[in-house]
Number of protein chains: 2
Amino acid sequence: MKNSIDHKSPVPLHIQAETALRELIASEEYRNGKTLPNEVEMAKMMAISRTTLRQAINKLVFEGLLVRKKRKGTTVADNAVSSRSNNWLSFSQEMKLRGITIKNFEFHVTWVFPDDALANFFDISKDRQVLKMERVRGRPEEPFVYFASYFHPRIGLTGDEDFKRPLYELLEQDYSVIATLSKEEISAKGADPFIAEKLRIAADSPVLLRKRFVFDQGDRPIEYNLGYYKAGSFVYTVESRRE
Amino acid sequence: MKNSIDHKSPVPLHIQAETALRELIASEEYRNGKTLPNEVEMAKMMAISRTTLRQAINKLVFEGLLVRKKRKGTTVADNAVSSRSNNWLSFSQEMKLRGITIKNFEFHVTWVFPDDALANFFDISKDRQVLKMERVRGRPEEPFVYFASYFHPRIGLTGDEDFKRPLYELLEQDYSVIATLSKEEISAKGADPFIAEKLRIAADSPVLLRKRFVFDQGDRPIEYNLGYYKAGSFVYTVESRRE
DNA sequence: ATAATCAATATGTACAAACATATTAATATT
DNA sequence: AATATTAATATGTTTGTACATATTGATTAT
């Protein structure tokens, strides 16, 4: 990385520093526990003040990507992929943040009739078809999550949309649907044969099941999402404070 | 709030400022959209530098509690009291709510040396002993959760306390320790032989692992809690709202 | 009256300079 | 050899200062 900072650029130095750090984080060596250069040195390398550098580091520490230790230095957090409850990062963003490149394969879109639970959640009759989207993500030889999403017919999705775009961007820009509320249920269970096959694991292996009920501004249901994560590949983090 | 900052206190000024701001945020007027005093003024009021004040504000902005606007000023975010619905119910309360009656059996208290992770979290050296409390809950013939709790030596627990009382009540009333912040990590994994035996299930059966890091008002670590739930016996629910 | 200009005001960015503190590692002391 | 002291080194805290930038509101020119 050395001197990736451009003092003439209109983008703020601490933002540039942040970006540079994100690249470092993505790199193999630093993700394996190697402590990054100390602040004074780094600041010198980047030719910015320590205060400015610290501004960048702080942000990443807050995001949980970096960990500081008194005399030891700063290192990349070793957590697996985690999700912060409060921020609304999309899946792809979350991953990019950590420098993990993942592919979307086994992408599949169909129309299906809802079961009781889904019809109930969407508040529609069981003969109304809904769009179902299935995805397997990870590296093809080592997938780590299987998603099944169902979208409320009210939205008007046809199934021909460009699903390579971030989902919530698509909904917001093309359909004026803004996801604002999400209720999640997280539990553990054994993989049934179907899921086991999708994730390339043995049946009954432990998986984390994450159900998401997504609502728009008017608290109307818009999406029902099931995510089956291979054990160990996903840690759900929640922070709560009482007054 | 005016001058709630004590320059002689050992607690850092920006932390004190943060606390003061949290109080402001909690107050009725500011939650109704009133913009708080501008930075220069506030800094003067608190008798700290603007930089230090900004450190505090930044944290709260990161947390999504405050919103800054260029010429307008800083205001409390609409969703401010957001993470409230997050359960600060104690375990027993939670269960009573669900109409489940459970027993506490295999209750066990010991002193142990912390491993790296624990020593690190508690910020103590590895030769400091900590109090460990183990519990199995459920019906004896069908347990559904195994807990292991570790308490920070700073609290002063002796191990002879009446642990039949609700834990947080005991800490609050007898030790003036008030749990305010909790960070949880939820993941799925296969039960190792020890856990499998405790829960009366086969090894490698799926369990939900819930790690809780509990902090007091000053963000000091007070408890580390591991809960292994038999698959299907526990569903973790989270609600989050944006904007 | 409307549009363009300018000033005021808030946050945003950036630096340099100290001193504090915790922890490890080296050294000296018992 | 075990313990206490000290030094080195990293992050942590805090201030003072300066200029940049975006936006609102008032002023001025069309």
Side-chain angles (χ1 to χ4, degrees), chain A residues 3 5-21 30 33-62 65-77, chain B residues 5-21 30 33-62 65-77 114 116 119-128 154 218-221:
Chain A
N3 197 353
I5 269 79
D6 176 12
H7 282 254
K8 266 149 246 148
S9 158
V11 19
L13 301 184
H14 75 269
I15 301 280
Q16 289 187 55
E18 191 191 319
T19 314
L21 286 170
Y30 288 111
K34 190 181 162 195
T35 72
L36 24 139
N38 75 63
E39 295 177 352
V40 199
E41 227 174 280
M42 264 189 135
K44 200 175 289 176
M45 276 204 290
M46 295 183 171
I48 57 177
S49 77
R50 190 180 156 216
T51 322
T52 306
L53 210 212
R54 239 159 168 278
Q55 219 174 129
I57 299 181
N58 273 330
K59 193 164 171 199
L60 299 174
V61 167
F62 191 84
L65 285 175
L66 293 178
V67 178
R68 295 207 233 233
K69 301 220 71 188
K70 327 271 144 187
R71 154 71 219 272
K72 179 128 188 270
T74 305
T75 52
V76 176
Chain B
I5 267 77
D6 176 12
H7 281 254
K8 266 148 245 147
S9 158
V11 18
L13 300 183
H14 73 269
I15 300 280
Q16 290 187 54
E18 191 192 319
T19 313
L21 285 171
Y30 287 112
K34 189 180 161 195
T35 73
L36 23 141
N38 75 63
E39 296 178 351
V40 202
E41 225 174 281
M42 263 189 135
K44 200 174 290 176
M45 276 204 290
M46 296 182 170
I48 58 177
S49 78
R50 189 181 155 213
T51 320
T52 306
L53 208 212
R54 241 164 165 276
Q55 223 173 127
I57 298 182
N58 272 330
K59 192 163 172 203
L60 298 174
V61 169
F62 276 141
L65 285 176
L66 293 179
V67 178
R68 295 209 235 235
K69 291 229 145 158
K70 271 279 171 157
R71 153 71 217 273
K72 179 112 188 284
T74 306
T75 53
V76 177
D116 288 294
N120 184 47
F121 171 57
F122 276 171
D123 203 18
I124 57 173
S125 74
K126 291 182 67 178
D127 51 14
R128 271 298 275 293
R154 184 182 355 90
D219 284 353
R220 284 184 297 262

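In the text below, chain A, chain B and the rest are named by the order of the sequence lines, each starting its count at 1.
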Practice prompt. Go through the steps for B:Thr35 and B:Lys69 under the test side chain to side chain contact (heavy atoms under 4.5 Å, CB included), then give the verdict.
Written response: CA-CA 10 Å; B:Thr35 73; B:Lys69 291 229 145 158; over 6 Å; no
Worksheet item: Does any donor atom in the side chain of B:Asn58 or B:Arg68 lie under 3.5 Å from an acceptor atom in the other side chain?
Response: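 Distance-only check passes for B:Asn58 and B:Arg68.
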Worksheet, complete the sentence: Protein heavy-atom contacts under 4.0 Å, written 5' to 3' over nucleotides 7-16 of chain D as B (base), S (sugar-phosphate only) or - (none), form the string --BBBBBBBB
Item to complete: Return yes if some donor-acceptor pair links the side-chain N/O of B:Glu18 with the main-chain N/O of B:Leu60 below 3.5 Å, else return no.
Response: no
Discussion item. Tell me if a side-chain donor or acceptor on B:Gln16 pairs with a main-chain N or O of B:Asp6 at a distance below 3.5 Å.
Written reply: yes
Discussion item. What I'd like to find out is whether the side chain of B:Leu21 reaches to under 4.5 Å of the side chain of B:Leu53, using heavy atoms alone.
Written reply: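 Heavy-atom side-chain distance check passes, below 4.5 Å.
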Worksheet item: Tell me, do A:Val76 and A:Leu66 make a side-chain contact under 4.5 Å, heavy atoms counted?
Response: yes
Worksheet item: To 10°, what angle do the rotation axes through the five end pairs on each side of the helix from C:dA1-D:dT30 to C:dT30-D:dA1 form?
Response: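 Both end axes considered, the difference amounts to 0°.
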Worksheet item: Yes or no on side chain to side chain contact (heavy atoms under 4.5 Å, CB included) for B:Thr19 and B:Val11, after CA distance, side-chain angles and deciding distance?
Response: CA-CA 11 Å; B:Thr19 313; B:Val11 18; over 6 Å; no
